[in-house]
Amino acid sequence: MKKPVSYDHSKIEKKWQSAWKKSGIYKTSEASKKPKSYILDMFPYPSGSGLHVGHPKGYIATDVLARFKRMSGFNVLHPMGWDAFGLPAEEFALKNKIHPSIAVKKNVKRYKEQLSVLGFCYDWDREVNTTDPEYYKWTQWAFLQMHKKGLTYESHEPINWCPSCKTGLANEDLDNGKCERCGSIVEKKPIRQWVIKITDYADRLLKDLDALNWPNSIKESQKNWIGRSEGSELTFKIKNSEESISVFTTRPDTIFGVTYLVLAPESHLVEKLKPQIKNWYKVQSFIKDVAKKTQIERTAEGKEKTGVHLDGVFAINPANDEEVPVWIADYVLADYGTGAVMAVPAHDERDFVFAKKYNLPIKEVIEPVYTKTTGPDAFREGVPYKERHAAVCVIKHWSEDKYLCLDWKKNNWHGFVVGGIESLETAVDAGIREIAEETGYTNLRFVKELGGPIHAKFYQLLKEQNRFAHFHGMYFELVDDSRKEISEGEKAIHDINWVSKQEVMDYLNVDDMKLTWARFLGVEKAYVGSGIITNSGKFNGKDSESIMSEITKFCGGKTVVRYKLRDWVFSRQRYWGEPIPLVHCEKCGVVPVPEKELPLKLPNVKFYEPTGTGESPLAKIDKWVNTKCPNCKGKAKRETNTMPQWAGSCWYYLRYMDPKNKKMLVDPKKEKYWSPVDVYVGGTEHATRHLIYARFWHKFLYDIGVVSQSEPFTQLKNQGLIMGPDGQKMSKRFGNVVNPDDVVKLYGADSLRVYEMFMGPFEQAISWSTDNMIGSRRFIERVWRLKNKVVKKATLKKETETLLHKTIKKVGEDIQDFAHNTAISTMMILLNALETEENVDTKTYETLLLLLAPFTPHLADELWSQMGHKKSIHIESWPICDETKLVNDSFKITIQVNGKFRGVLETNNSEEAFVLNASKKKHEIQKHLEGKEIIKQIYVKNRLVNFVVKG
RNA sequence: GCUCGGGUGGUGGAAUGGUAGACACGGAGGACUUAAAAUCCUCUGACCUUUAAAAGUCGUGUGGGUUCGAGUCCCACCCCGAGCACCA
């Protein structure tokens, strides 16, 4: 594209960027009486390849918001910094043979240049860098406080190990059993490691989510990740042994259905039970086989469960003293619950599959109750219900392999013949009677019952009452087609269909009917829902959900809460990270490095390749490793593991408040003024990593009084990715990366900013299109050219003036809602209107510039100064919407006939009688009313008229 | 499998239950120009009747429902994306 003569974006943008730098208008201070607003971006990890156009999307949105807030009278904190420890930087350094500290410096410089070109209003005096010793001093300090509070522990348990990155990983660092960074399949490897008890905070991390103004999806992800479940811990004694097996279950109500117990192959109990195990050799080799497998092999989809019986070991069911066999199997996880489960194959799908495979008994203890929860026939909670026993009849045709189904019209049920059993009837009698009444067939024979009762709770629309029905499934065969007349009443209720065997399952749309049919077909399945207890001694007949705690108590167990969240594996066997400030003393054991010795600096060395042995490369640096015990002054060695990449990003937003404080992590006064972060913007990829760690870290700091709020980020917004023009994720690999530097050179930063905000909804992923960007550039040029029409005084059309004030209102609202696309389109509409005016007065034009200032800061400041202003537009006040100007003199009333748009009435009289009359008189409405009777007239004041006509 | 999003023209998308397609891109035609670019103006969901003006029918993934009126609310289903997943 050729550059137009008058609007030279590169000159203007450079000019204002240096002007802002010189005047320091974006410097932030706490010494202010204004209300504060803390607007934060997720700080970037400065990689070697620089930014692509997708990266700044979030930064532009926060920049727009920060500028808007500043103009609206807020004291705004809007900082930027660098997250630079960890594997990516280290790998980059190893590959390019430069020290990571140098590589990071270089990359930061490049990122900063790229960002500055876009005209962001960051206060660079507050820049932080997680690899700066003055910064990580406080990361180490926080770790020491956790250590002091007993929140850390040293463990040797097997953890996730990435063979390619040569380091242990936390659960959060995995992606489907693979290393999130390099994609290698992760192994389980026992290595010495430091672990943080994040699980102590699981409950609070979960509960406090509710109050946050975060996207649902992120809250859901975190809920999933934390994975709270309530259940019971029950103990099974082992026959002829001192040992016992504790199991965790969410279904204590099924304990009478336990037919075996399963331990995880890794369970330490197995070794203890060795004397009793008759097939020890087989058991041992099974354990070895399982240990060899990776997580992926063990959990691969569709993988068959395998296990081995511990021959000779019997566990005693605490509910009924029954002796059940004990197994070990790979489907039981060692690190969840107690590492052991009670197997109830009748009511758990996994146990069912396993029991089928190994021929273990299946014992039903719950009769199914299906409760309808959606639709007009949903069971109405809290309303009394009627109980009823009923016959359900599967009926086979006398000559074909077809089955008699009914289509209940009002209830929209597809099912079999069903009918209540009267008090003196047997189920079979009732079935025969109902079949005759509902279908007319009279000659049939009863073949068999279809299992035990099935219950259902629903709302019976025909009788208009809640029902708790107890169904008795039966199978009949017609002998011939002798049939009597069906009453009109029955005909009205349902249609009769003969459905072929293959189609019955799809035809049925009621769960209890489907189960009846499955029983008829002989299909066995675990019923995992709740229901009525059976085969369970004194608990029989009770509602399974209501007896959880009673049955737990009865078995001598206790109710407990378990989480999927695991403790945070906090050690990395790599060089480029914060050294963990602990010392191992021969005499005193683990001793923390005294706080006054912090920061414990990472030694600057030439060789820092990972060893792959489970030891950090730091272990080889004798000079650094060998130290004195701070306690006894005896010989000691430093901890050589480093912290994970996520450590530094757990609290950086606090440091921005007080970035240069040498005495503490953050001055409490400043913290109190700025906390919490009002708006936090970043990608969804941090849902279960950074955003969980940071919330945990913050809560810990809150507990020790360092911060004043229990949650760090009040509002969270996720920007949608910008995909490549080809619709794929932007990546070097696909060669579809668009570089912002090029775009800025060609179109200018303001155009890029407008385009990225105009593309579509902020949170939605969207493809880059340089073609579409033209529109944003044109918009800017038209604003630029509009100044030729500006005169001191001019009278605008009434509707243009209304539009102006509507725009002021909408743009402000939209910016705060992150609806930038509609904010911009509204300004485009205003511009279109202003262009139709003969002249535009200065005041109006300046208002437009003020509205544009957050989006196009360079253009706005340039035109502002051209209008004769000496001070920057960015320290001006946001224009005020004059509500009185929003009202039009007349309104356009939509006229509908039978709900269809037929015309518009423009009037200033909002009286109903007048509007209805005037509407009726209109020619285009007349047409649709002629010869018809108006049976209803609807009038929505000042907006709409609808004539309902007949004939 | 469970949970959370989403499905609207050629394209990106807009729409407190009330004229679906704002705004923009692209396209068509025209003006200006020696010409092109840029700019400006007009048209641009599909179908259909008509010389035309104008009107009509259909139309927001599918099928039902509620309502005077549904892209929007309810039910069932299909498709796409994301998170979790042998978590007992």
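By convention in this document, chain letters (A, B, ...) are assigned in the order of the sequence lines, proteins followed by strands, and residues within each chain are numbered from 1.
A:His347 has no side-chain polar atom (N or O) that falls below the 4.0 Å cut-off from OP1 or OP2 of B:A88. Within the 4.0 Å cut-off from OP1 or OP2 of B:A82, not a single side-chain nitrogen or oxygen of A:Lys219 is found. For the OP1/OP2 pair of B:C68 and a distance below 4.0 Å, the side-chain nitrogens and oxygens of A:Lys936 include at least one atom meeting the criterion. The shortest distance between the side-chain N/O atoms of A:Arg902 and the OP1/OP2 oxygens of B:G56 is below 4.0 Å. OP1 or OP2 of B:A76 has not a single side-chain nitrogen or oxygen of A:Asn509 nearer than 4.0 Å. Between A:Asn832 and B:A24, a side-chain N or O to OP1/OP2 separation shorter than 4.0 Å is present. Residue A:Arg782 has no polar side-chain atom (N or O) positioned under 4.0 Å from OP1 or OP2 of B:U39. Remark: A:Tyr336 is in phosphate contact with B:A88, judged by side-chain N or O atoms under 4.0 Å from OP1 or OP2. Using a 4.0 Å cut-off, no side-chain N or O of A:Arg778 falls inside it from OP1 or OP2 of B:A38.
Counting to the nearest Å, the C1' atom of B:A14 and the CD atom of A:Gln764 are 12 Å from each other. For A:Glu220 and B:G5, the CD to P distance is 8 Å, given to the nearest whole Å. Distance CD1 (A:Ile218) to C1' (B:C84): 13 Å, rounded to an integer number of Å. One interatomic measurement links the two molecules: CG of A:Asn946 to C1' of B:C68, which rounds to 5 Å at whole-angstrom precision. Atom CD1 of A:Ile824 is separated from atom C1' of B:A22 by 15 Å (rounded to the nearest Å). The distance from atom CD1 of A:Ile766 to atom C1' of B:G13 is 7 Å, rounded to the nearest whole Å. When rounded to the nearest whole Å, the span between CZ of A:Phe891 and P of B:U19 equals 17 Å. Regarding A:Ile925, its CD1 atom lies at a distance of 11 Å from the C1' atom of B:U19, rounded to whole Å.
Using a 4.0 Å heavy-atom distance criterion, A:Ser229 is classed as a sugar-phosphate-only contact. Using a 4.0 Å heavy-atom distance criterion, A:Val332 is classed as a base contact. Using a 4.0 Å heavy-atom distance criterion, A:His414 is classed as making no nucleic acid contact. Here A:Ile829 lies in heavy-atom contact (under 4.0 Å) with sugar-phosphate atoms only. Across all strands shown, A:Pro761 has heavy atoms under 4.0 Å from sugar-phosphate atoms exclusively, and none from any base. Residue-level contact check: A:Phe758 touches the bases, meaning some heavy atom is under 4.0 Å from a base atom. Among the atoms of the strands shown, base atoms are found under 4.0 Å from some heavy atom of A:Thr894. Residue contacts shown for A:Lys223 are absent, as no nucleic acid heavy atom lies under 4.0 Å away.
Using a cut-off of 4.0 Å between Lys/Arg side-chain N and Asp/Glu carboxylate O, A:Asp348 and A:Arg251 are scored as not salt-bridged. At a threshold of 4.0 Å, the pair A:Lys178-A:Glu180 does not count as salt-bridged, since none of the basic side-chain nitrogens sits closer than that to a carboxylate oxygen. Taking a cutoff of 4.0 Å between a charged side-chain nitrogen and a carboxylate oxygen, A:Glu157 and A:Lys188 do not qualify as a salt bridge. A salt bridge links A:Asp335 with A:Arg566; the closest basic N to acidic carboxylate O contact falls under 4.0 Å. Between A:Lys789 and A:Glu837, none of the side-chain N atoms (NZ, or NE/NH1/NH2) sits under 4.0 Å from a carboxylate O, so this pair counts as no salt bridge.
The six-membered or imidazole ring of A:Phe779 lies away from that of A:Phe855, with a centre-to-centre distance of 6.0 Å or more. Taking the six-membered ring for Trp, A:Tyr755 and A:Trp768 have ring centres closer than 6.0 Å.
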> Taking only Watson-Crick and G-U wobble pairs with both distances under 3.5 Å, what dot-bracket line describes RNA chain B, where [ ] shows pairs that cross earlier ones and | shows pairs with another strand?
Replying inline: (((((((..(((.....[....)))((((((.......))))))(((.(....).)))..(((((..]....))))))))))))....
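Map A:Thr826 and A:Asn898 each onto its nearest nucleotide of RNA chain B; the residue landing nearer the 5' end is A:Thr826. Nearest-nucleotide positions on RNA chain B place A:Thr688 closer to the 5' end than the other of A:Thr688 and A:Gly339.
Straight-line distance between the P atoms of B:G13 and B:G18: roughly 23 Å, to the nearest whole Å.
Judged by atom type and distance alone, A:Asn224 does not reach the base of B:C84 through any side-chain donor-acceptor pair under 3.5 Å. Between the base of B:G18 and the side chain of A:Gln896 there is a donor-acceptor pair shorter than 3.5 Å.
Atom OG of A:Ser221 is separated from atom NE2 of A:His686 by 13.5 Å, given to the nearest 0.5 angstrom.
Both thresholds, 5.5 Å between centres and 30° between ring planes, are met by A:Phe901 relative to the base of B:U19, so the two rings are stacked.
Under 3.5 Å, the side chains of A:Gln222 and A:Trp214 contain no donor-acceptor pair of N or O atoms.
Under the side-chain hydrogen bond (donor to acceptor under 3.5 Å, both in side chains) criterion, A:Lys357 pairs with A:Glu304, sequence neighbours left out.
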